[in-house]
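Before any comments, here is the structure.
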Number of protein chains: 2
Amino acid sequence: MLTDVNDILKKNQLSVTDSRKSILDLFIHSNGALAHADIEKQTGEKFDRVTVYRTLQVFMEKGIIHTIPTSDNSIRYALCKDDCTGGHHHDNHVHFICKICGLTSCLDSVTVPEVRLPVGFRPLEKQMIVTGICEGCQ
Amino acid sequence: MLTDVNDILKKNQLSVTDSRKSILDLFIHSNGALAHADIEKQTGEKFDRVTVYRTLQVFMEKGIIHTIPTSDNSIRYALCKDDCTGGHHHDNHVHFICKICGLTSCLDSVTVPEVRLPVGFRPLEKQMIVTGICEGCQ
DNA sequence: ATGCTAATGCAACGAAGTTGCAAAAATGTG
DNA sequence: CACATTTTTGCAACTTCGTTGCATTAGCAT
Ligand SMILES: [Mn+2]
Ligand SMILES: [Mn+2]
Ligand SMILES: [Zn+2]
Ligand SMILES: [Zn+2]
């Protein structure tokens, strides 16, 4: 897995800019998923809000990051595995959100289980979010 | 299951007002889950935005409705089963979102399956959202 | 019917997200 | 490296969404 931000950006045919390098670096060295606000803060408000929005959008399109929906309507973003490419994400892992500290983790080792749906419903993608208490907050 | 709006409101110790009656009625006679905007439109903009927000909030607190998180950051609301009371919801069913028409359904007959989490993660609630194509859109 | 309590509507505000456009930075070619 | 071309950025303006305080109105119990 590539960990050098320059290589990742080039591999995805993106020009290498300060904002993209900083934000991607943030994802790589971050423990859990990041909300938009986290990114603004953790980059020291060095970049415009709009730039952060556009960077996240471009990373999404290239399959570099994926979103995690939360019940409080605040989307978190996390790195994809290597095999996610533009448009098609293959992250079928469970997500965990800690009720205490808010840490949002990709449980890469836990795959979303299959379910049988009633007739008439054709499933395409499935997502599972578990809330509870994380290791650090026990 | 109570279907008369007056009875439901009284059972939950809520005063019976026009907005609460209309909005609750909307939920009872609606096929899928409703977004905030749907409610504003479908009540003919008869009530103030703020009233809709407060009504949904109060219905949530009383366990009359529950939320369904979506990846596009737009919360949907749907009726709870009878045994959901203030603070404690028991809707552990799968939710289905149609990619074509957007219909969001509570699959009351499909329970969210169990998963084994890595050590350190203590689960409290779990949620599963399946996206795909609904009966009407096949 | 009357008084008390709770809910509503309005206005104002703040946060979040989008768009157009000019300035600045990145890329590739000689 | 210098240059022209393309892409990205930052700013300003704007829209949408959600929240709060307060005066008015409606619901409820006596
Ligand atoms: Mn993930
Ligand atoms: Mn439901
Ligand atoms: Zn925690
Ligand atoms: Zn459909």
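The shown structure was predicted, so the numbers you read here are calculated from the model rather than taken from an experiment. Letters A, B, ... are given to chains in the order of the sequence lines, protein chains preceding strands, and every chain is numbered from 1.
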Take the protein atom [atom1] of [X] and the nucleotide atom [atom2] of [N], then report the distance between them rounded to whole Å.
X       : N      : atom1 : atom2 : value
B:Tyr53 : C:dA7  : OH    : P     : 20 Å
A:Lys21 : C:dA25 : NZ    : C1'   : 12 Å
A:Lys46 : C:dA25 : NZ    : C1'   : 14 Å
A:Gln13 : D:dT8  : CD    : C1'   : 17 Å
A:Arg54 : C:dT19 : CZ    : C1'   : 8 Å
B:Glu40 : C:dT8  : CD    : C1'   : 15 Å
B:Ile75 : D:dC17 : CD1   : P     : 13 Å
A:Asp72 : D:dT19 : CG    : P     : 11 Å

Under 6.0 Å between the ring centres of A:Tyr77 and A:His66?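 No.
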Any donor-acceptor pair under 3.5 Å from [X] side chain to [Y] backbone:
X        : Y        : value
B:Lys62  : B:Asn12  : yes
B:Thr43  : B:Glu40  : yes
B:Gln138 : A:Gly120 : yes

Name the residue closer to the 5' end of DNA chain D, choosing between B:Gln57 and B:Lys10 according to the nucleotide with the nearest heavy atom.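 The residue closer to the strand's 5' end, by nearest nucleotide, is B:Gln57.
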Closest listed nucleotide, where the reference is the side chain of [X] and the choices are [options]:
X       : options                : result
B:Thr55 : C:dC10, D:dG10, C:dT8  : C:dT8
A:Thr51 : C:dG9, D:dT9, D:dT19   : D:dT9
B:Arg49 : D:dC17, C:dT19, C:dA16 : D:dC17

Under 4.0 Å between a side-chain N/O of [X] and OP1 or OP2 of [N], yes or no?
X       : N     : result
A:Ser15 : D:dT7 : no
B:Arg20 : C:dA7 : yes
B:Thr17 : C:dT8 : yes

Would you call the rings of B:Phe96 and A:Phe121 parallel, tilted or perpendicular, where under 30° means parallel and over 60° means perpendicular?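 Ring orientation of B:Phe96 relative to A:Phe121: perpendicular.
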With DNA chain C as reference, determine whether B:Val50 or B:Asp18 sits nearer its 5' end, using the nearest nucleotide of each.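 Its nearest nucleotide lies further toward 5', so the answer is B:Asp18.
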